[in-house]
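To start, the structure itself, in structure tokens.
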Amino acid sequence: MIVFENIGKSFGKLEVLRDINLKFELGQCIAILGPNGSGKTTLIKSLLGMVIPDKGEIRFKDISIKNAFDYRNQIGYMPQIGHYHPNLRISQLIDMMVDIRNSKDYELDEEIIDAFKLRDIYQKPLGTLSGGTKQKVSAALAFLFNPKVLILDEPTAGLDPVSSEILKVKIQKEKSKGKLILISSHIMSDLEELATHVVYLQDGQLKVFKELEALQDEFVENRLSRIIAQIMQMSKKMLCF
């Protein structure tokens, strides 16, 4: 479905991705983890076409994404922080996105809009919304066009416990439909519930790409936070030799 082949990216003298090779398939829910500066954001932005790798190739359904944009119609993206024009109302933003994407080509998924009761505040300007409510709007837009691939960056950050559970149930539902879901989050308990696979990056290098269950068996540990802590310690020890 999505292949990263020998992906490398530098910003000046800083090498942020080093020969990354990954293959993601439909039905997987991938937790993308790593310390700050490990390359997670650059990896995601490379897939979205927001960053152009210096070397290597990214393929979406066996087709290179270089100089392409149509593939992004099959991706729903929820950024960690949504930046919206403050004077736009929620209804105007959603209507604008539907017009841009030509909704006749899609079966709209408005389940999150209804679950978060966004219609009740449709006429509120985006500039007046709290961070948590903006997160709800971002989630609604990510799922709206029923995409085959979802990229969710810190999806539950800023959400209250009830809203967080609503979103996690929705993610589980989409996973059960066989969609590919990529999640970057610092909330390990959420990832334990949702992820089927774990990608761990450190210093721009791929250290781990395995099924979560395999990692739990390998480390004899169910808690993902403790598994990642052990992987980090192992990586530091290797750097000392």
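In what follows, residues are counted from 1 in the order of the sequence shown. This one's a predicted model, so the numbers in the text were calculated from it and none came from an experiment.
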Sub-4.5 Å side-chain heavy-atom contact between [X] and [Y]:
X      : Y      : result
Gln74  : Pro147 : no
Leu201 : Ile20  : yes
Phe219 : Arg226 : no
Ile151 : Ile75  : yes
Arg223 : Glu192 : yes
Asn6   : Glu57  : no
Glu25  : Leu180 : no
Phe209 : Val198 : no

Can you hop from [X] to [Y] via hydrophobic side chains spaced under 4.5 Å?
X      : Y     : result
Tyr71  : Ile7  : yes
Val3   : Ile52 : no
Ile63  : Ile58 : no
Phe145 : Leu93 : yes

If I take atom [atom1] from residue [X] and atom [atom2] from residue [Y], how far apart are they, to the nearest 0.5 angstrom?
X      : Y      : atom1 : atom2 : answer
Met78  : Ile112 : CE    : CD1   : 8.5 Å
Ser184 : Gln80  : OG    : CD    : 7.5 Å
Leu129 : Ile121 : CG    : CD1   : 5.5 Å
Gln233 : Ile228 : CD    : CD1   : 11.5 Å
His197 : Leu212 : NE2   : CG    : 9.5 Å
Ile90  : Leu118 : CD1   : CG    : 5.5 Å

Exercise. Does Asp62 CG have over 12 foreign heavy atoms under 6.0 Å away?
Worked result: no
For this session: Might you confirm whether atom CD of Glu221 has over 12 heavy atoms from other residues, nucleotides or ligands at distances under 6.0 Å?
Result: yes
Exercise. Between Thr156 and Asp190, do the side chains contain an N or O donor and an N or O acceptor separated by less than 3.5 Å?
Worked result: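 There is such a pair between these side chains.
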Seminar exercise, completed: Residue set satisfying side-chain hydrogen bond (donor to acceptor under 3.5 Å, both in side chains) with Thr133, at least two apart, ordered chain then number -> Ser130
For this session: Using side-chain hydrogen bond (donor to acceptor under 3.5 Å, both in side chains) as the criterion, list what pairs up with Lys23, not counting sequence neighbours.
Result: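 side-chain hydrogen bond (donor to acceptor under 3.5 Å, both in side chains) list for Lys23, sorted by chain: empty.
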Problem set entry | Verdict with supporting geometry, Leu144 and Val98, side chain to side chain contact (heavy atoms under 4.5 Å, CB included) | CA-CA 9 Å; Leu144 185 59; Val98 169; 4.0 Å; yes
[X]: partners by salt bridge (charged side-chain N to carboxylate O under 4.0 Å, His left out), with sequence neighbours left out:
X      : answer
Lys117 : none
Lys148 : none
Asp153 : none
Lys124 : none

Inspect the contact between [Y] and [X] and indicate whether a charged nitrogen and a carboxylate oxygen are less than 4.0 angstrom apart.
X      : Y      : value
Arg59  : Glu5   : yes
Lys170 : Asp109 : yes
Lys55  : Asp19  : yes

How would you list, by chain and number, every residue that makes a side-chain contact (heavy atoms from CB on, under 4.5 Å) with [X], sequence neighbours excluded?
X      : result
Lys210 : Val208, Leu215, Glu218
Ser189 : Ile187
Phe69  : Arg72

Problem set entry | Residues forming a ring-ring contact (aromatic ring centres under 6.0 Å, His included) with Phe4, sequence neighbours excluded |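 By the ring-ring contact (aromatic ring centres under 6.0 Å, His included) rule, Phe4 matches Phe24.
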Minimum heavy-atom distance [X]-[Y], with the two atoms named:
X      : Y      : result
Ala139 : Leu167 : CB-CD1, 4.1 Å
Gln135 : Pro79  : OE1-O, 3.6 Å
Glu193 : Lys168 : OE2-NZ, 3.0 Å
Met188 : Leu33  : CE-CD2, 3.6 Å
Leu191 : Ser185 : CD1-O, 3.7 Å
Asn87  : Gln92  : O-OE1, 4.1 Å

For this session: Go through the steps to decide whether Ile30 and Leu22 satisfy the test side chain to side chain contact (heavy atoms under 4.5 Å, CB included), and finish with yes or no.
Result: CA-CA 11 Å; Ile30 315 287; Leu22 288 164; over 6 Å; no
Taking [X] for its side chain and [Y] for its backbone only, find out whether a donor-acceptor pair lies under 3.5 Å.
X      : Y      : answer
Ser10  : Gly12  : no
Asn146 : Leu108 : no
Gln216 : Asn222 : yes
Asp160 : Val162 : yes
Glu154 : His186 : yes
Glu15  : Lys9   : no

What pairs of donor and acceptor atoms, side-chain ones from residues 39-50 against any protein atom, are under 3.5 angstrom apart with sequence neighbours left out?
residue	atom	partner	partner atom	Å
Lys40	NZ	Gly34	O	2.8
Lys40	NZ	Pro35	O	3.3
Ser46	OG	Thr42	O	2.7

Exercise. What pairs meet the ring-ring contact (aromatic ring centres under 6.0 Å, His included) rule with one or both residues in residues 81-101, with sequence neighbours excluded?
Worked result: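 The answer is none; no pair qualifies.
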Exercise. Does Lys136 make a cation-pi contact with Phe116 (under 6.0 Å, within 45 degrees of the axis)?
Worked result: yes
Problem set entry | Glu111 vs Phe143, side chain to side chain contact (heavy atoms under 4.5 Å, CB included): CA-CA, chis, key distance, verdict | CA-CA 8 Å; Glu111 186 173 6; Phe143 290 95; over 6 Å; no
For this session: Assess whether side chain to side chain contact (heavy atoms under 4.5 Å, CB included) is satisfied between Val149 and Phe60, documenting all intermediate values.
Result: CA-CA 10 Å; Val149 178; Phe60 189 99; 3.9 Å; yes
